[in-house]
Amino acid sequence: IVTRRWWFSTIITCVILSAFYIAYAMRSIPRGGSLTGYVLGVLATALLIGLMLLPIRKRQYQRPVGALDIWMRLHVILGVITGLIVFMHAGFKVVGTINIALTVVFVLALFSGMLGTFLYEWYPPIIARMGNDVFRQSVLKEQITALEEELAQVQTAQSEQMNTLIKKVFEHKRVPETLNPIRLWQWRRNKHHTFEQGLDNFSSEEQSSFHGARTLIDHHQNLGRQLFYQHLLRQWLWSHIPLSAALMTLLAVHIVSELYY
C-alpha cells in the first residue's frame with residue numbers, strides 16, 4: 001500500500017512537527033488550553049474527520065473521487081501524523097477520565113490501523129481488497145465444495161491404502177478455517193510436505209489417481225488460503241471499525257466538555 005517515498009514524506013513531516021514542538025515547549029509550557037494547543041487540537045480533529053472519509057470513498061462506485069490506492073495511502077500516513085499531533089496537543093500529558101479514555105481508544109485504533117496496513121501489505125493485494133466481499137466469499141465456498149465432491153469421486157475407485165494416503169494429504173494441506181494459532185502452526189509446518197515417499201508401492205493407475213487427487217488438493221489449498229485471508233481481514237475490520245466509532249464519539253465528548261467547562 002505505502003511506498004518508501006510516502007514513508008519518507010511521513011518521516012520528514014514528523015521531524016518538522018517535532019522541531020516545531022521543541023521550539024513551542026522552549027517558549028512556554030505545552031498544554032491543550034493554550035493558543036497553540038487549540039490550533040493543534042483543531043488540526044488533529046480535522047485530520048481525524050478526514051480519516052473517517054475512507055469508508056465513504058470505498059462505497060463510491062458510480063463517480064469515485066480519486067484513486068482508492070491514494071486514499072488508502074493517505075489514510076495510513078495521516079493516521080501516523082495525526083497520532084503525533086494529538087500528543088503534541090495534549091503536551092504529552094493525559095489528565096481526566098475522558099481524556100484518558102480518548103487516549104486509550106486512539107492508541108488502540110492507531111495500532112489496529114497499523115495491523116491492517118501489515119495485513120494489506122503481507123497478503124496478496126487483490127485478495128486483501130476483497131476482504132469483506134460477501135459475494136466473493138460465497139463463490140469461493142461453492143468452488144471449495146465442488147472440489148471436495150470431485151475429490152470424493154476420485155477416492156471411490158481407490159484401495160483403502162490409497163484413500164488413507166489421499167485423506168492424510170488432504171487433512172495436512174487443508175487451510176484452517178479458524179484463527180487457532182496451534183492449528184495454523186501445524187498447517188504451516190505440513191503444507192509443503194510431499195507425502196509421496198511410499199508412492200512406488202502402488203500401481204501405476206493408483207499413482208496417476210494420486211497425482212490427480214494432489215492437483216485437486218493443491219487447488220483446494222489455494223482457494224482455502226484466499227478464503228482464510230478474507231476471514232482474517234473481516235475479523236480485523238470488526239475490531240477497527242468499532243474502535244474508530246468509539247474514537248469519534250469520545251472526541252465529540254472531549255470537545256463539548258472543553259468548550260462548556
Side-chain angles (χ1 to χ4, degrees), residues 1-18 21 32 40-60 64-90 92 94 98-134 136-137 179 181 184 228-255:
I1 296 177
V2 184
T3 61
R4 292 182 178 179
R5 183 177 63 181
W6 283 78
W7 281 123
F8 180 76
S9 301
T10 305
I11 294 173
I12 294 298
T13 302
C14 290
V15 169
I16 294 174
L17 288 173
S18 299
Y21 181 80
L40 291 172
V42 170
L43 178 59
T45 301
L47 289 174
L48 284 173
I49 294 174
L51 291 174
M52 297 301 115
L53 295 177
L54 177 62
I56 300 176
R57 167 58 186 86
K58 281 185 175 181
R59 287 159 178 78
Q60 283 188 328
V65 180
L68 185 57
D69 285 347
I70 300 298
W71 277 79
M72 292 293 295
R73 291 169 184 166
L74 285 174
H75 187 79
V76 174
I77 296 306
L78 291 180
V80 175
I81 295 174
T82 302
L84 178 59
I85 295 176
V86 165
F87 286 106
M88 289 170 56
H89 159 71
F92 292 90
V94 182
I98 295 177
N99 294 338
I100 292 175
L102 178 61
T103 302
V104 170
V105 173
F106 177 80
V107 171
L108 290 176
L110 183 62
F111 277 103
S112 175
M114 291 180 177
L115 175 61
T117 302
F118 168 78
L119 293 176
Y120 275 80
E121 290 281 4
W122 182 262
Y123 296 120
I126 296 177
I127 299 173
R129 293 191 180 98
M130 294 179 178
N132 59 345
D133 191 330
V134 177
R136 174 61 177 166
Q137 292 177 29
L179 301 181
L184 289 173
F228 173 79
Y229 293 157
Q230 293 180 339
H231 175 67
L232 183 62
L233 289 166
R234 187 169 64 253
Q235 295 299 317
W236 168 75
L237 282 173
W238 276 109
S239 66
H240 189 64
I241 293 177
L243 283 173
S244 300
L247 174 62
M248 298 307 294
T249 301
L250 288 172
L251 176 63
V253 174
H254 169 72
I255 293 173

Output the distance between atom [atom1] ([X]) and atom [atom2] ([Y]), rounded to the nearest 0.5 Å.
X	Y	atom1	atom2	answer
Leu250	Phe106	CG	CZ	12.5 Å
Thr45	Ile255	OG1	CD1	4.0 Å
Leu47	Leu51	CG	CG	6.5 Å

Side-chain donor-acceptor distances from residues 240-248 under 3.5 Å, at least two apart:
| unit_1 | atom_1 | unit_2 | atom_2 | d |
| --- | --- | --- | --- | --- |
| His240 | ND1 | Ser112 | OG | 3.1 |
| Ser244 | OG | His240 | O | 2.9 |

Residues 11-18, side-chain donor-acceptor partners within the protein, below 3.5 Å, at least two apart:
| unit_1 | atom_1 | unit_2 | atom_2 | d |
| --- | --- | --- | --- | --- |
| Thr13 | OG1 | Ser9 | O | 2.8 |
| Ser18 | OG | Cys14 | O | 2.8 |

Cut-off 3.5 Å, no hydrogens considered: what does the side-chain donor-acceptor table look like for residues 76-90, sequence neighbours left out?
| unit_1 | atom_1 | unit_2 | atom_2 | d |
| --- | --- | --- | --- | --- |
| Thr82 | OG1 | Leu78 | O | 2.5 |
| His89 | ND1 | Gly37 | O | 2.6 |
| His89 | ND1 | Gly41 | N | 3.4 |

For this session: For Phe8, check ring-ring contact (aromatic ring centres under 6.0 Å, His included) against everything at least two apart and list the hits.
Result: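 Residues passing ring-ring contact (aromatic ring centres under 6.0 Å, His included) with Phe8: none at all.
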For this session: For Val94, check side-chain contact (heavy atoms from CB on, under 4.5 Å) against everything at least two apart and list the hits.
Result: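 Expected list: Asn99, Ile100, Thr103.
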For this session: Using the side-chain contact (heavy atoms from CB on, under 4.5 Å) rule, take Met114 and Leu110 through it: C-alpha gap first, then chi angles, then the decisive distance, then the call.
Result: CA-CA 6 Å; Met114 291 180 177; Leu110 183 62; 4.1 Å; yes
For this session: Let me see the working for Leu232 and Trp236 under side-chain contact (heavy atoms from CB on, under 4.5 Å), right down to the final yes or no.
Result: CA-CA 6 Å; Leu232 183 62; Trp236 168 75; over 6 Å; no
